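Data block below; observations after.
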Amino acid sequence: MKFPIYLDHAATTPCDPRVVEAMLPYFTEVYGNPGSRNHAFGWAAEEGVDRAREQVARLIGADHKEIIFTSGSTESNNIAIRGGAQMYEKAGPGSTGRGHIISAAIEHKAVLDPCKRLQKEGFDVTFLEPGRDGIVTADLVKGALRDDTILCSIMWANNEMGTINEVPAIGALCKGRGVLFHTDATQWAGKMPTNVEKDNIDLLSLSGHKMYGPKGVGALYVRRRKPRVRLASLVDGGGQERGFRSGTLNVPGIVGLGKAAEIALAEMDRDGARLLELRQGLEQSITGRLDSTAINGHREKRLPHITNISFGFVEGESLMMATKELAMSSGSACTSASLEPSYVLKGIGVGDDLAHSSLRLSLGRWTTREQVEYAAEAIVRAVTKLRELSPLYDMHKEGIDITKIEWAKH
Ligand SMILES: *Cc1c(COP(=O)(O)O)cnc(C)c1O
């Protein structure tokens, strides 16, 4: 086995060698600008882009004309949310604010921050707070809809827990109320079956590097009929991508994204079933051998390859230090000087202590059973050892309820 073992596929995935192979000619041989409409170099590059547009469209049940290539999900989210809000804002006499937007507190920063910017610019934003299972339900959205709601943005699957939100039902609700619906499908796309028609989606973001494609390329699906979605452009220039996203296209990246989408669609069922089995084995192996552990988020409504586990009486950071041969994420984020507990876990009501004591493990296309078994073993060993050093764990085992302790005040 090679070390360290990569168990952080929710952060990024390796590029599939088949993807790299498809991209290579587009650096040195097919190097034309697809915008060059009057010679063969441009046409050849355009052919590559056209094929990729078909491949990405097929992955999500869209038409190729509805795919806009971007630099990744962060840009896709910004174009959808800020471009959508600007286009559909309620201006004119009688309206108080510029319009109401619905999102959720557990979204990725690439959704939260554009929403917060809009808030500063005069839009009213509701950030929904799901319950302990981490699921953003259609009922939650229903309760927040207002007459002046213009846009709703709810991620399909959460990047920290893998939990799956009620996207098709939320889409149906928004459609019925004439509200534009965007979903950040970065973790979902390429892993789970998607059909933007049946799932009632107007705008969908996806990213190459989360689905075994290259970094720095992604796509935004923009619905063309029923309704025809319009967006204000954020970057002006050559008018590429139907004016939604100016700039010369990243042809090799786009070709790679297309190939990644094709492979994901073809191998989705097999990959998903294999990963689910591996993840369940991993969870059983860890939670079956250690007390005071909890899996965060809904037990069933989750992506097959992600798990998020809290280990009582152990700091996630110490646990990672003790298992350097495993590449994972902890439930803490380094913000400048301090270690902040994950806002996603806090957002579903996990206390600071347990948020700090959590690990996210995310498996991928080349994760083996051997690696998963090694990881479970290493984590159990490290937790056991760290707990041996923990006076709190001792007290817990003696039956003392440490939440009831009155600490001395200084
Ligand atoms: C990774 C990620 C993003 C950011 O995608 P980039 O392509 O890296 O910009 C956005 N949303 C979610 C849910 C993600 O997991």
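Side chains included, hydrogens not; waters and symmetry mates left out as well; all remaining heavy atoms used. Since this is a predicted model, take the numbers as computed values, not measurements. In each ligand, atom 1 is the first atom listed, and ligand 1 is the first ligand listed.
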Return all side-chain donor-acceptor pairs below 3.5 angstrom for residues 248-273, not counting sequence neighbours, or 'none' if the list is empty.
from, atom 1, to, atom 2, distance (Å)
N250, OD1, G253, N, 3.0
K259, NZ, E262, OE2, 3.0
E262, OE1, Q55, NE2, 2.9
E267, OE1, R18, NH2, 3.3
E267, OE2, R18, NH1, 2.8
D271, OD2, R365, NE, 3.1

Distance-only donor-acceptor hits, side chain of residues 59-66, under 3.5 Å, sequence neighbours excluded:
from, atom 1, to, atom 2, distance (Å)
D63, OD2, K65, N, 2.9
E66, OE1, D63, N, 2.9
E66, OE2, R224, N, 2.9

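A salt bridge links E46 with R37; the closest basic N to acidic carboxylate O contact falls under 4.0 Å.
A distance limit of 4.0 angstrom between heavy atoms and ligand 1 selects the residues G72, S73, T74, H108, M155, N159, D184, T186, Q187, S207, H209, K210.
Residues in residues 32-63 take part in these ring pair (Phe, Tyr, Trp, His ring centres under 6.0 Å) pairs, two or more places apart or across chains: Y31-F41, H39-F41.
Here the closest heavy-atom approach between residue H396 and residue S292 is recorded as NE2-OG, 3.3 Å.
A donor-acceptor pair shorter than 3.5 Å cannot be found between the side chains of E107 and S153.
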